[in-house]
Number of protein chains: 2
Amino acid sequence: MTGQRHDLGATFVRLGRAMVAAEQPVLDELGIEMWDYVVLVALRDGPVHTQARLAAATGRDTTRLIPILDRLEGRGLLYRTPDPADRRNRIVELTAEGAELVTAGQAAIRRMEARLLAGLPEDERAGFISTLERVADLIAGPRDRL
Amino acid sequence: MTGQRHDLGATFVRLGRAMVAAEQPVLDELGIEMWDYVVLVALRDGPVHTQARLAAATGRDTTRLIPILDRLEGRGLLYRTPDPADRRNRIVELTAEGAELVTAGQAAIRRMEARLLAGLPEDERAGFISTLERVADLIAGPRDRL
DNA sequence: TATTGTTATACTCTATAACTATA
DNA sequence: TATAGTTATAGAGTATAACAATA
């Protein structure tokens, strides 16, 4: 019996899939898809001046990002304007409605996470989450900040 | 600034992708693909009497499993025999060579994991991994054992 | 008739390559 | 000429449906 524990990769992938599934009903309630949410969260802290940077920060490539932006812009959750400094670039920014939605969405997802982890003792839970963030930086590199 | 930390889903997915990428060179060295490895690991602890159960345990569906089994059988790493008790079923079992390869592969992957986590203090690392296993069972349910 | 394994078809998602506009 | 954004095409990956063998 070699494996007292499972491979980290298998465990992380499995956990990722389970969390995406758990987020689905929350996102359904908000009427947005997962990648919509990812983009909205990435934009929450301020406008971005090139879509390429936004694509890198969200792990999509630029071509896959475009339909997402089209949909969100059509719903009035964000808007794109040409950058006056270089009109090839587009400044992407949340509308007030978009900012409101991402705040409400993330709060709902945090509540869902808390429910899932309710079985863990409080101190173990806190320690796990803080180490998890460090491990993520260690293994996957620091996240692109916009 | 709402997010002192990132959503768990985003973090797990990112970590999963990073670990899969980190495993790639190890698997290349062994001459197998990721799903080959997943199947070999699942079979390590004993034969399975229906491919449907193997598919469920590895997260593939039966149709996607078949080309994987074909390839591994062709390389002599496992074999399929009709179940005498119910000849519709196929018993899938590792060959000696397959068992050897999965043992060597997992050892190499563990060494890779240890290198990636070398930046963590030993006790924090141990605590994290043990809590991670509990969290995985909590969130994704106990894993199908063959 | 129902189920296992298999094969074939359709669909979705992703990646690559052209096209437009600005520089 | 080079780059940002966009659109169109091709490819890989996945899911659905039909088929053969056995029960």
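Predicted model, so just to flag it, every value in this text is computed and none were measured. Order of the sequence lines fixes the chain letters, A, B, ..., with proteins taken first and strands second; residue numbering starts at 1 for each chain.
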Rounded interatomic separation in angstrom, taking CG from B:D83 and P from D:dT22: 13 Å

When you check the gap from the basic side-chain N to the acidic O, do B:D61 and B:R64 get nearer than 4.0 Å? yes

Does a side-chain N or O of B:R87 approach OP1 or OP2 of D:dT22 to a distance below 4.0 Å, or not? yes

Would you indicate whether B:E100, at its atom CD, is surrounded by more than 12 heavy atoms from other residues, nucleotides or ligands within a distance under 6.0 Å? no

Could you tell me the separation between the CG atom of B:D61 and the P atom of C:dT6, rounded to a whole number of Å? 13 Å

Take atom CD1 of A:I91 and atom P of D:dA4, then tell me their distance rounded to the nearest Å. 15 Å

Contact class for B:R60 vs. all strands (heavy atom < 4.0 Å): base, sugar-phosphate, or nothing? sugar-phosphate

Side chain of A:R88 only, please: which of C:dA15, C:dA23, C:dT4 is the nearest? C:dA23

Touch class at under 4.0 angstrom, heavy-atom based, for A:T63 against every strand present: base

Between atom CZ in B:R90 and atom C1' in D:dA23, what is the gap in whole Å? 14 Å

Could you check how far CD1 of A:I66 sits from C1' of C:dA21, rounded to whole Å? 14 Å

Nearest heavy atom decides the nucleotide; on that basis, is A:N89 or A:P67 closer to the 5' end of DNA chain D? A:N89

Would you say A:R64 reaches D:dT6's phosphate, i.e. side-chain N/O to OP1/OP2 under 4.0 Å? no

Taking the basic N atoms (NZ, or NE/NH1/NH2) and the acidic carboxylate oxygens, is any pair closer than 4.0 Å for A:D70 and A:R75? no

In plain terms, say whether A:E93 and A:R80 are close enough for a salt bridge, that is, a side-chain N and a carboxylate O under 4.0 Å apart. no

In whole Å, I'd like the distance from the CD1 atom of B:I68 to the P atom of D:dG13. 11 Å

Atom-to-atom span, NE2 of A:H49 to C1' of D:dA4 - whole angstrom: 15 Å

Gap between atoms CD and P, on B:E73 and C:dG5 respectively (whole Å): 13 Å

For A:E29, is the CD atom crowded, meaning more than 12 foreign heavy atoms sit under 6.0 Å from it? no

